[in-house]
Amino acid sequence: MESRAQPTCPSYIGTDHFVDIHEVLPEEEEEEEGMTRMAEKARKGSNRQFKVREAKRPFRNLSRQVSLETGFSALHRETRAKDEIRVLPRSGRSFGGFDSASRVNGEARKGDFSMFKTKSTPSKQNSLLPSRKEREMESQRVDGDNGPDESVHNTVPAGRYFAALRGPELDQVKDYEDILLPKDEKWPFLLRFPIGCFGICLGLSSQAVLWRALAASPATQFLHITPFINLALWLLALAVLISVSFTYILKCIFYFEAVKREYFHPVRVNFFFAPWVVCMLLAISVPPMLAPEKLHPALWCTFMGPYFFLELKIYGQWLSGGKRRLCKVANPSSHLSVVGNFVGAILASKVGWKEAAKFLWAVGFAHYLVLFVTLYQRLPTSEALPKELHPVYSMFIAAPAAASIAWETIYGDFDGLSRTCYFIALFLYVSLVARINFFTGFGFSVAWWSYTFPMTTASVATIKYAENVPGILSKGLALALSFMSSTMVLVLLVSTLLHAFVWHTLFPNDLAIAITKRRFVKEKKPFKKTYDIRRRARQALTRHSSENKDFGGENEIC
């Protein structure tokens, strides 16, 4: 065979470039490869003594993907002009299974929920995921995917919840997101039982406080309310608290990894304060026939101790910065981490510890001011909150109303500061009621119980105000707010029982705890980096052109 001399450059400019199938390079290697290709084009163009012009079209990265199932190849082009994210084809399994039946060796299997069970180690989690061969096939379909192992990690960043979820309490997964568990299969009950169920206990226990105030207050003495209503509500709230606590303790025992995910959730972490607030409310509203007039201080220590250590952890995150600083994770449910200080101050005052009550009131009021300002001004650095106004926004009312009651309990007088806090709560109450349309448009859920505690707290504060400022207007306002609060609790209680025991729709699959640690799509590169690559490439192109002008005679044209 004749040996032919290999040409030193292509025969013409329009030659197609075929790219072999290869792994997707990391971002740094892609940038370096793009600069190398631009430099090669510059040298080829200068060897032909063509005038180099600045490219008008953005640099395009040409890549080929071959489907291992169909054998067809597809070319994908990415442009900076179109601001879009391409969702690459998937196998329809999503780790645990997009579908309730995932295919393994041609056989169907149901989704495995063991990855959220207690003491689930990384090796155990990997054994529950698809086999190595299947993961390799999955990685061919998803660019930029480092494998599912990282997505099972329980420490999901706070910003990831805001990016992947929406809805009243960040409990709905956005359409383009994947989850670790199957969507169309009913999960185990404990895995579907959220920490937000303690909101039911919060509403019922606060009602016990309200009806004890209505029965004992001089401002409502003309109603002749029997104390047995307080007794019935107190027993009901205690029974619900025991049931919810027992169920959630079982979830901690069997699905502790799911509990940890709820703790990392920026909204649900605040409901970990709720059980202790409920216990303190039950201690405050205990019927006189069941307990002495003055409670034992050990009761306050038992309930306030866990709350105090938990708020040290949360307030430390707010103060020290990082991904969970206050301007990043602030949301209306954060008031639960503040209002407990005022409830604890009321209980401390009732057990006779006035100084402890003043300390808790000061801590709660300081953090309430910071939280209130943060939620009002919405810093540009904060994560985007859901657009829908939802029930937890009523938590704005709870903190100032509870602060007003606590101050009156500590000092025995509804003085200027107590009235200031009360008027703030009353104004927020009216402003939210005036925008009632913003609280509609979504279905019933446990989140609706967030209405009850703020409304009840405002009613109790109004009763205290009517005691110190007697009059038709103050008494009428106290009765109106109390009636609205009790009606809301009754409606929600009936709706909850119907959804739980008749329609069986109260506890749907808790998709919020099953999101991946990061999104499995190839996102577009930042504009700044793309611009820098093109600018450096043009500089290299211009430099080579100037060099070839000086030594143009030495280069041979193909």
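Nothing here was measured: the structure is a model prediction, and the numbers come from that model.
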Original post:
Do Ser334 and Trp318 have side-chain N/O donor and acceptor atoms under 3.5 Å apart?
Top reply: no
**OP:** Taking Tyr315 for its side chain and Ser337 for its backbone only, find out whether a donor-acceptor pair lies under 3.5 Å.
**Re:** yes
**OP:** Look at the side chain of Thr118 and the backbone N and O of Ile253, then say whether any donor-acceptor pair between them is shorter than 3.5 Å.
**Re:** yes
Subject >> Heavy-atom neighbours of Leu312 CG exceed 12 at 6.0 Å >> reply: yes
**OP:** Would you mind reporting whether Phe272 and Ile314 have side-chain heavy atoms less than 4.5 Å apart?
**Re:** no
Subject >> For the student: nearest non-hydrogen atoms of Ile515 and Val173, plus distance >> reply: CG2-CG2, 4.3 Å
Only distances under 3.5 Å count here; give the side-chain donor-acceptor pairs of residues 396-406 to other protein atoms, sequence neighbours excluded, each with its distance to 0.1 Å.
| from | atom 1 | to | atom 2 | distance (Å) |
| --- | --- | --- | --- | --- |
| Ser404 | OG | Ser418 | O | 2.9 |
| Ser404 | OG | Ser418 | OG | 3.1 |

**OP:** Report yes if the side chains of Thr457 and Val339 come closer than 4.5 Å at any heavy-atom pair, otherwise no.
**Re:** no
Original post:
How long is the gap from NZ on Lys328 to OG1 on Thr374, to the nearest 0.5 Å?
Top reply: 13.5 Å
Subject >> Exceeds 12 heavy-atom contacts within 6.0 angstrom, atom CD1 of Ile472 >> reply: no
**OP:** Starting at CE of Met280, measure out to CZ of Phe342 and round the result to the nearest 0.5 Å.
**Re:** 12.0 Å
Subject >> Side chain Ser206, main chain Gly203, donor-acceptor under 3.5 Å >> reply: yes
Original post:
Where is the tightest heavy-atom contact between Gly196 and Val446, given as atom of each residue plus distance?
Top reply: O-CG1, 3.3 Å
Original post:
Would you say Glu262 and Ile513 make side-chain contact, with heavy atoms under 4.5 Å?
Top reply: yes
**OP:** Apply side-chain contact (heavy atoms from CB on, under 4.5 Å) to the pair Val278 and Phe198, showing each step before the final yes or no.
**Re:** CA-CA 8 Å; Val278 172; Phe198 282 102; 5.6 Å; no
Original post:
So which heavy atom on Asp413 is nearest to which on Asn468, and how close?
Top reply: OD1-OD1, 3.8 Å
Subject >> Option among Trp276, Phe273, Trp300 that satisfies the ring-ring contact (aromatic ring centres under 6.0 Å, His included) test with Tyr307 >> reply: Phe273
**OP:** Begin from the C-alpha positions of Lys354 and Tyr411 and carry the test side-chain contact (heavy atoms from CB on, under 4.5 Å) through to its verdict.
**Re:** CA-CA 9 Å; Lys354 296 290 184 179; Tyr411 294 97; over 6 Å; no
Subject >> Shortest non-hydrogen separation from Ser349 to Ile410 and the atoms involved >> reply: OG-CA, 3.8 Å
Subject >> Distance in Å, Met488 CE paired with Leu490 CG, rounded so as to fall on 0.5 Å steps >> reply: 11.0 Å
**OP:** Quick one: sort the Phe444 and His499 rings into parallel, tilted or perpendicular, breaks at 30° and 60°.
**Re:** parallel
**OP:** Look only at the side chain of Ser485 and the backbone of Leu481, and say whether a donor-acceptor pair between them is shorter than 3.5 Å.
**Re:** no
**OP:** Could you check if a side-chain atom of Leu202 sits within less than 4.5 angstrom of a side-chain atom of Thr452, using non-hydrogen atoms only?
**Re:** no
**OP:** Determine whether more than 12 heavy atoms belonging to other residues, nucleotides or ligands lie under 6.0 Å from atom NZ of Lys186.
**Re:** no
Original post:
Do Phe264 and Val269 come close enough that some side-chain heavy atom pair is under 4.5 Å?
Top reply: no
**OP:** Quick one: pull up CD1 in Ile284 and CG in Leu295 and give me the separation to the nearest 0.5 Å.
**Re:** 9.0 Å
Original post:
Which atom names give the shortest non-hydrogen contact between Glu177 and Lys183, and what distance separates them?
Top reply: O-NZ, 3.8 Å
**OP:** Please determine if Asp510 and Arg268 form a salt bridge, counting it only when a charged side-chain N lies under 4.0 Å from a carboxylate O.
**Re:** yes
Original post:
So, Asn341 versus Glu311: side-chain donor-acceptor pair below 3.5 Å or not?
Top reply: yes
Original post:
For Phe414, does its backbone N or O pair with a side-chain atom of Arg419 as donor and acceptor, under 3.5 Å?
Top reply: yes
**OP:** Determine yes or no for a side-chain-to-main-chain donor-acceptor pair under 3.5 angstrom, with Ser431 supplying the side chain and Leu428 the backbone.
**Re:** yes
Original post:
Taking all non-hydrogen atoms of both residues, which atom of Leu241 and which atom of Cys201 are closest, and how far apart?
Top reply: CA-SG, 3.6 Å
Subject >> pair Phe193-Leu250: side-chain heavy atoms closer than 4.5 Å >> reply: no
Subject >> Side-chain heavy atoms of Phe372 within contact of Val338, under 4.5 Å >> reply: no
Original post:
Could you walk me through whether Val267 and Tyr161 pass the side-chain contact (heavy atoms from CB on, under 4.5 Å) check?
Top reply: CA-CA 9 Å; Val267 173; Tyr161 287 98; over 6 Å; no
**OP:** Flag the pair Phe246 / Ile249 as yes when at least one side-chain heavy-atom distance between them is below 4.5 Å, and no otherwise.
**Re:** no
**OP:** May I ask you to decide if Pro182's main-chain N or O and Asp184's side chain share a donor-acceptor pair within less than 3.5 Å?
**Re:** no
Original post:
With distance as the sole test, does Arg160 use its side chain to make a donor-acceptor pair with the main-chain N or O of Thr516 at under 3.5 Å?
Top reply: yes
Original post:
How are the rings of Tyr451 and Trp448 set relative to one another: parallel (under 30°), tilted (30 to 60°) or perpendicular (over 60°)?
Top reply: perpendicular
Subject >> Partner of Tyr422 by ring-ring contact (aromatic ring centres under 6.0 Å, His included), out of Tyr429, Phe427, Tyr465 >> reply: Tyr465
**OP:** Hey, could you give me the NE2/CG distance between His367 and Leu319, rounded to the nearest 0.5 Å?
**Re:** 7.0 Å
Original post:
Rounded to the nearest 0.5 Å, how far apart are SG of Cys421 and CH2 of Trp361?
Top reply: 5.0 Å
Original post:
Is a donor on one side and an acceptor on the other found under 3.5 Å between the side chain of Asn509 and the backbone of Glu185?
Top reply: yes
Subject >> Any donor-acceptor pair under 3.5 Å from Gln207 side chain to Leu233 backbone >> reply: no
Original post:
Just wondering, are more than 12 heavy atoms of other shown residues or ligands nearer than 6.0 Å to NZ in Lys313?
Top reply: no
Original post:
Is the CZ atom of Phe228 crowded by more than 12 outside heavy atoms at less than 6.0 Å?
Top reply: no
**OP:** Apply the test side-chain contact (heavy atoms from CB on, under 4.5 Å) to residues Lys475 and Thr220: give CA-CA distance (whole Å), side-chain angles for both, the deciding distance (0.1 Å), then the verdict.
**Re:** CA-CA 7 Å; Lys475 293 182 179 179; Thr220 57; over 6 Å; no
**OP:** Kindly assign one of parallel, tilted or perpendicular to the pair Phe507 and Phe189, based on the angle between their ring planes and the thresholds 30° and 60°.
**Re:** perpendicular
